Amino acid sequence: MAYSWNDPDTQDLWTLTFEEVALLPGMTDKGRLGFAVQLKFMELHGRFPERHDEVDPNAVQWLAVQLRTMAEMLSSYELDGRQGQRHRRTIRVFLDFRPTNGTDLQRLSQWLSTEVLPFDPQARHGRDMAHDWCRAQRLEPPAGDHLDRVIRSSVHSYEAGRQAIIHARLNADNKSAIDRLLAADDTDSNEAQSEETTAISFSQLKTDPGKASLDSLLVAIAKLKCINDIGLAPAVFQDIPAKFIDQFRQRCAAESIREIRRHPAAIRYSMVAMFCWRRQQQLIDALIDLLIQIIHNLGARAEKRIDRRQFAAFKKVRGKAKLLFKLAEATVDQPDGIIKEVVYPVVAQKTLEELVEEFKTMGFDFEREVQETMRSSYGHHYRRMLLPVLDALRFKSNNTVHRPVIDALDVLKANRDSQQQYYAADVVPIDGVVPKKWHAIVVEQDKDGKERINRINYEICVLRALRKRLRTKEIWVAGADRHRDPEHDLPSDFEAKRDSYYELLKAPKDGDVFIEQIQVAMRKWLTTLNDGLPGNPKVRLRQQGKNLIHLTPLDRQPEPPNTASLKREIGRRWSDVELIDIVKEVDLRLNFTAAFRTSGSREVLDPAQLQRRLLLCLFGIGTNVGLKRIASQQPSVSFEELRHVKRRFVQKEALRAAIAEIVNGTLHIRSQAIWGNATTACASDSKKFGAYDQNLMTEWHARYGGRGIMIYWHVDTNSTCIYSQLRRCSSSEVAAMMEGVLRHCTNMELERQYVDSHGQSEVAFAFSYVLGFDLLPRLKAIARQKLHLPTPDDTYANLEPIMVRAINWELIRQQYDEVIKYATALRLGTADPEAILRRFTRAGPAHPTDLALAELGKAIKTIFLCRYLHDESLRCEINEGLNVVENWNSANDFIFYGERGEFATNRLEDQELAVLSLHLLQVCLVYVNTLFIQEVLAEPAWRDRMTVDDWRGLTPLIYHHVNPYGRIELDMTRRMALAA
């Protein structure tokens, strides 16, 4: 555990007790200081220090003060010398520790295999966990590389054991199918075309689906069928951790066919089996996403087509009354004349044609035209996907309300070979499948007056109903991951561990107590706002209309007088700093590249060489210039070598671990006198980036226009981003906000979360309260907000125009246990937040838990609105927090400059790596700028110039002194002129 000397409790940890001081008589000053350092370090960390730089200089100074000696004397004390070893023996006896022996190491290895590796297969935190185990056992862990060898041996044994289990569970048919799959890449292309045009090779299985189209869907179905032919059963992977399977999926995806074939049988078969099993889940999810998007496009494109046709046909003819007079006058004067000779000279033929089209358009049935256009598109093109989808996916539902859609799918599948154009009315379900506006074209009558069902129109209705319920997870798909049974999203042991989960969320076990706490808070803030409203000139309530709340905009804050001068001083001292040197400096200080481990079975690259190549890879990916350009400027590194490092070492989990290391390092070095107390507030917002569109992630953005993807950032108030994620343009920002709050792996404890209007909802307010953080949105539609009453008997005269009904507390009381269960699922990460929140944010029949969350959200939102309207400082705080995110977004373009800032790849994995690499480069910039600013402000002349407005506007996210362009030269021996 890392201890910050800024924490007042840390000094107490390094304070010598009476019993410890009694051990020191008879020693020299140097010996007493060295003994005290080793003793307190052993107490805190459960091991002895191996190097002097492991000990905080502040701690050494504090011990020297207590012993009335000089801290510099420690440098001459040899930790592993004879004196140091003698002191260690005394300390072991005093603290009741003993060195580890062979038996202890075997027990440690067994404990790692059972308790650690199932959750962390690569043992990224293995050393820390081993130290904790040894400390709990009162054992001194082995020094040097011995402990690392024990951990590596445990990982190897664990991997070999799991692979042997999977290999033993595979039958002969599974292995033969895997052999055929690996051999498919060697098959001559002409032979493959002659035998089967839809044959899928192993290399093709690794590729992502293309954009939403019929061809992409059929190819994805072919890939899924290829994996299904292997015949992998769920029992093969029983008790195999999901993280272990995902690790070997990545390893298999990174290796070529030749490398896979070289493995021994147990490794080869088990690794390919794990790849196919995980790939099967991903393909099923991708198939569902494709199906949802195609069904949506079917209706959306039909509407656009009709809109264009209607707009082209509609051309208003002006002066119709005058034209009618001319036409009537001409025909009355010459009733027996020829039209061409009598009418057209008065009113042109083209004008009459436009008049006819205008009146046709005025009688236009838009809905019916859209339905007919959808029928035409589906019948001539998209209908080919129906049977392959029904064969490839198994749709299920836990709710009998949605059973008609499942039954309708069964009817379509049962009549797959039928050529009839109509179904009998009593054969297919109508209610719950066919909407009212489609009823007229689905249910027809034959010559005898009997009802019959138009088959194609009915199929369209079934697919649209299926899409709606797939999005809310009311219908799920067997074998999927994101679209799996929603019951699996919840903790399976909730009933057995209910009390511990309530304690985890710090929620009262009694629903009445929970409700009473909220009611007390509601009355407090409603009373505060009601009493303070007459004396608040910046908030006015209107009596009529939709926009009842009038809120005066915030005053412009004064410009900081010395911030620009500070930036110029930094630019003078450190001018034209290369961005690659900033990244290198941070790594030399924090060693974040240690988080990148090979996906293979062993590492053979020299550590220094690997570190250099990793930095070059991260720079090339994070700036979007690409590895080829980086390699072209490095005489000692080739493009193939960089690509190998990227494929083997640069993974999403490693990048997140490296980012967390840098963020924690930034939090650790911050001076409290400059940056204030440890921040617990964070702001989040998204930014759109252009991207290639031949993939499922890229979408058209409705607000910003253009195709692209969104990056959702979580940035603290001092401009350090703690979490980033790649999202679709249409995805829920509420889910992204929740994921960042719950999944960031930094030492920051979030208590306040600033968002804009798209990052909040009533369900978000409900979950934020239960999960223990304060959701603080900047509401765009503040003028139309309403407040709810705690009970019908409460009255607030000044708030009457914006008060509505009372909260339904009985509904919350009935569903309180379910609310806690869903909140626990979010906290534990048993499912993706978007998968859970999707059940509560879509239109459809309201679930009781959904209604309870909405009521709870209304109550919490009422409390927030009262605080927001009453307290101008809160409005300023939210606005300042969101401005920090906007500043972060502005720096994205400066760093991510390659390819004009567009994601030039269709692979989802590469897009995620680019996002995280950009994040890493930007937090490296913040880390170094923090040191720059602190070094300048450490001088009294500069510190005394700073005003209140300067401290408010101070930010480490500056880049006027940084050069990301030009020739990229990485010299690992050159350091920055910067204080340690």
Side-chain angles (χ1 to χ4, degrees), residues 399 472-473 486-487 489-491 494-495 497-527 529 734-735 737-738 741-742 753 760-777 785-796 799 802-828 833 836-867:
N399 194 336
T472 58
K473 297 194 76 171
E487 294 301 321
D489 294 342
L490 304 176
F494 183 81
E495 297 299 328
K497 297 182 178 180
R498 175 183 276 103
D499 293 345
S500 61
Y501 287 143
Y502 273 89
E503 186 177 350
L504 173 68
L505 298 176
K506 299 179 182 178
K509 299 176 185 177
D510 189 347
D512 291 329
V513 176
F514 177 80
I515 290 172
E516 184 180 356
Q517 292 174 350
I518 301 174
Q519 288 178 336
V520 169
M522 286 184 70
R523 291 192 178 98
K524 171 189 172 182
W525 284 105
L526 284 168
T527 301
L529 179 62
V734 173
M737 177 272 296
M738 299 285 288
V741 172
L742 299 172
Q753 176 66 41
Q760 60 82 35
S761 67
E762 290 176 350
V763 173
F765 272 107
F767 276 127
S768 67
Y769 180 80
V770 179
L771 292 169
F773 66 93
D774 202 1
L775 182 62
L776 302 171
Q785 300 300 318
K786 301 291 185 180
L787 303 179
H788 285 75
L789 289 166
T791 62
D793 298 332
D794 291 299
T795 56
Y796 303 93
L799 305 179
I802 57 174
M803 297 300 302
V804 290
R805 64 172 179 83
I807 299 294
N808 185 351
W809 299 109
E810 183 59 31
L811 185 58
I812 298 176
R813 185 179 292 106
Q814 294 173 357
Q815 297 295 319
Y816 180 55
D817 206 46
E818 288 296 310
V819 170
I820 297 298
K821 184 185 291 187
Y822 279 101
T824 303
L826 288 170
R827 172 68 72 186
L828 298 180
I836 295 177
L837 295 178
R838 192 184 297 137
R839 304 185 68 182
F840 308 115
T841 55
R842 300 294 185 188
H847 192 276
T849 308
D850 186 8
L851 297 176
L853 284 168
E855 289 297 306
L856 177 58
K858 289 180 174 69
I860 305 304
K861 188 175 182 180
T862 295
I863 296 173
F864 163 75
L865 287 171
C866 291
R867 295 166 56 197

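Nothing here was measured: the structure is a model prediction, and the numbers come from that model.
Partner of Y822 under the side-chain contact (heavy atoms from CB on, under 4.5 Å) criterion, out of I836, V770, V763, L837: I836 alone. When each of Q760, H788, K786 is tested with K861 by the rule side-chain contact (heavy atoms from CB on, under 4.5 Å), just one qualifies, namely Q760. Checked options L787, I802, I860; the residue passing with L865 is L787 (criterion: side-chain contact (heavy atoms from CB on, under 4.5 Å)).
Taking the six-membered ring for Trp and thresholds of 30 and 60 degrees, Y501 and F494 have nearly parallel ring planes, at less than 30 degrees apart.
Aromatic pair Y769/F514: ring centres closer than 6.0 Å.
Side-chain contact between I807 and M522: present, with at least one pair of heavy atoms (C-beta onward) separated by less than 4.5 Å. Residues L856 and I518 have side chains in contact (heavy-atom distance under 4.5 Å, counting atoms from C-beta outward). The side-chain heavy atoms of Q517 and P508, taken from C-beta on, include a pair separated by under 4.5 Å. No side-chain heavy atom of S768 sits under 4.5 Å from any side-chain heavy atom of Q753. In this structure the side chain of R827 reaches within 4.5 angstrom of the side chain of L742, judged on heavy atoms. K473 has its side chain within reach of D489: a pair of non-hydrogen atoms, C-beta onward, lies under 4.5 Å apart. Between L826 and L771 the shortest side-chain heavy-atom distance falls below 4.5 Å.
Counting all heavy atoms, side chain and backbone alike, K821 lies closest to P491 at O-CD, 3.9 Å.
A search for side chain to side chain donor-acceptor pair (under 3.5 Å) contacts involving Y816 returns nothing, not counting sequence neighbours.
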Go through D510 and Y502 one step at a time and tell me if the side-chain hydrogen bond (donor to acceptor under 3.5 Å, both in side chains) criterion holds.
-> CA-CA 10 Å; D510 189 347; Y502 273 89; over 6 Å; no
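A donor-acceptor pair under 3.5 Å links the side-chain atoms of E855 to the main chain of N808, judged by distance alone.
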